Amino acid sequence: MSTISKVAERAGVSRTTVSHAINHADRVSKELRERVEQAIRELGYRPNPQARSLRTGRTDTVAMLIPDIRNPFYPELVKTAQSELENVGLDMLIFNTDVPGGHSQDHGREYLKQIRNRRVDGLIVGDFALHGMHEVLEDIDIPTVFIGHLPNQAVDSIRLDDFGGGYLMGEYLARQGHRRIAHVTGPDFFSEAMARADGFEKALSDNGVAIDPALRFTGSYLAPSGREAAAWLKREHGYALPTAVFFANYLMASGALTEFYDSGISVPGQLAVAVFDDLPQLEYVRPRLTRVGNSPATLARQATTMLLERLNGSFTGPARTATVPSILHPYDSA
């Protein structure tokens, strides 16, 4: 097995020089560093991460909390953040708090305890992962970035312009000539969902479209509730369907599209469908869904940049809040 002593012997330097080349490259000359790196490659030496952590006070690990691994938004978020961190030599630990299963608070507290015990260098929190317990971030003692609408300003956060995205879609549908528009919102205890709904209805009002409470259905953000919404729409308004329906996320839209197809309702022939989300998977849905939002990858990249600025000391100011704009993509469905 290769050891630091064997690396030092092969490179013709002391063990201290090898340690500096690995952990504090700025303390050795370029020539010595290259000799050590060459010896490491030839011997296949791998530094002990625990020992390195004790010396540097860093674990080179970032934790990420997400609320639902089954929701296609979050794998894309995780994949992008992981790639960005790998580019600078950092590993990632992923924790799923399972919000749909009703375990988020128990899991959230337990995972935060594990994160402290593992002494990770930083933390990224995916919006609903700490639903109902955002106050715990006020006591977090490592650099942290929250993705979503953070009620307090305990840590850095980055959010999508949900109100603006809802407004863009409402304006678009109104300008397409729709006057009876059904609206399937997310849960009213999620601020993001309400921001989307408020923006959408404000745009309808601004464009002379009446807000009809009888055409509003509160969903769960999950696919089954989208199917339930479609069944409700047929049951309550089958005699005179609205001309369009807006879903607050793709999962609900996917459930509804299944119900519409099974019921013989043509999209967009009989009913235009629009959605708030911008996921890679949407490229494989037909008809192509008219949508608004921004990609999880964009949010993850900017969140990772904010975290790295904290970790490398290039930003040391008070907690920041950044907003990513929503973008409208008109396609075939509406």
Side-chain angles (χ1 to χ4, degrees), residues 49-50 52-69 71 73-74 77-78 80-82 84-85 88-160 162 187-195 296 299-324:
Q50 285 78 28
R52 185 172 184 272
S53 174
L54 289 172
R55 288 192 301 272
T56 64
R58 297 279 294 268
T59 60
D60 290 340
T61 303
V62 169
M64 187 169 191
L65 292 171
I66 59 171
D68 182 12
I69 194 65
N71 185 321
F73 180 91
Y74 297 104
L77 196 75
V78 168
T80 304
Q82 186 176 32
E84 294 293 306
L85 293 170
V88 293
L90 299 179
D91 294 324
M92 177 184 277
L93 294 173
I94 303 161
F95 298 87
N96 175 40
T97 64
D98 189 20
V99 169
H103 305 297
S104 60
Q105 296 205 11
D106 290 339
H107 284 174
R109 290 190 174 88
E110 173 59 28
Y111 294 155
L112 286 173
K113 187 186 303 180
Q114 291 185 35
I115 287 166
R116 290 187 181 97
N117 290 340
R118 290 171 183 261
R119 299 173 58 246
V120 301
D121 298 329
L123 173 65
I124 299 174
V125 180
D127 49 37
F128 312 127
L130 294 177
H131 175 62
M133 51 181 296
H134 295 116
E135 72 280 356
V136 299
L137 294 175
E138 295 175 2
D139 300 320
I140 205 80
D141 58 357
I142 56 174
T144 299
V145 177
F146 184 91
I147 300 175
H149 292 238
L150 185 60
N152 54 43
Q153 289 188 310
V155 299
D156 290 338
S157 64
I158 181 163
R159 57 195 285 182
L160 185 61
D162 292 285
D188 56 14
F189 47 80
F190 286 158
S191 59
E192 288 90 341
M194 292 302 94
L299 287 163
R301 276 191 291 270
Q302 295 200 29
T304 306
T305 296
M306 294 174 80
L307 183 65
L308 293 175
E309 288 172 349
R310 290 287 186 183
L311 291 174
N312 63 29
S314 62
F315 184 83
T316 58
R320 304 165 285 178
T321 298
T323 302
V324 172

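Note that the structure is predicted; figures quoted are calculated from it, not measured. Counting from 1, the numbers follow the sequence of the chain as shown.
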**Q.** Sole candidate of D91, L311, L308 that passes side-chain contact (heavy atoms from CB on, under 4.5 Å) when paired with L85
**A.** L308
How far apart are the closest heavy atoms of [X] and [Y], and which atoms are they?
| X | Y | value |
| --- | --- | --- |
| Y74 | D68 | CD1-O, 3.3 Å |
| M194 | P187 | CE-O, 3.9 Å |
| A81 | A300 | N-CB, 3.9 Å |
| V145 | L307 | CG2-N, 3.7 Å |
| P67 | D127 | CG-OD1, 3.8 Å |

If you round to the nearest 0.5 Å, how far is [atom2] of [Y] from [atom1] of [X]?
| X | Y | atom1 | atom2 | result |
| --- | --- | --- | --- | --- |
| F190 | D162 | CZ | CG | 12.5 Å |
| L90 | T61 | CG | OG1 | 7.5 Å |
| R116 | D141 | CZ | CG | 6.5 Å |
| L160 | T323 | CG | OG1 | 9.0 Å |
| E135 | L130 | CD | CG | 9.0 Å |
| Q82 | E84 | CD | CD | 11.5 Å |

Are any non-hydrogen side-chain atoms of [X] and [Y] less than 4.5 angstrom apart?
| X | Y | value |
| --- | --- | --- |
| F146 | L65 | no |
| L150 | T321 | no |
| L123 | V155 | no |
| M64 | L77 | yes |
| F73 | L299 | yes |
| T304 | V62 | no |
| I142 | D121 | no |

Q | I115 and L93: CA distance, side-chain angles, deciding distance, side-chain contact (heavy atoms from CB on, under 4.5 Å) verdict | A | CA-CA 9 Å; I115 287 166; L93 294 173; over 6 Å; no
Is it the case that the side chain of [X] and the backbone of [Y] share a donor-acceptor pair, with hydrogens and angles ignored and the cut-off at 3.5 Å?
| X | Y | value |
| --- | --- | --- |
| N96 | I69 | yes |
| R320 | M306 | yes |
| T59 | R119 | yes |

Q) Between N117 and Q114, does a side-chain contact (heavy atoms from CB on, under 4.5 Å) hold up when you go through it step by step? A) CA-CA 5 Å; N117 290 340; Q114 291 185 35; 5.6 Å; no
Q: Could you check E192, H134, R159 and say which one makes a side chain to side chain donor-acceptor pair (under 3.5 Å) with H149?
A: R159
Q: Name all residues meeting the side-chain hydrogen bond (donor to acceptor under 3.5 Å, both in side chains) criterion together with T316; count only those two or more places apart in sequence or in a different chain, and write none if there are none.
A: none
Q: Applying side-chain hydrogen bond (donor to acceptor under 3.5 Å, both in side chains), name anything that partners R310, two or more places apart in sequence or on another chain.
A: D156
Q: Anything under 30° is parallel, anything over 60° is perpendicular, the rest tilted; go ahead and classify H131 against F189.
A: tilted
Q: Count the heavy atoms belonging to other residues, nucleotides or ligands that lie under 6.0 Å from CD of E110, then report whether that count exceeds 12.
A: yes
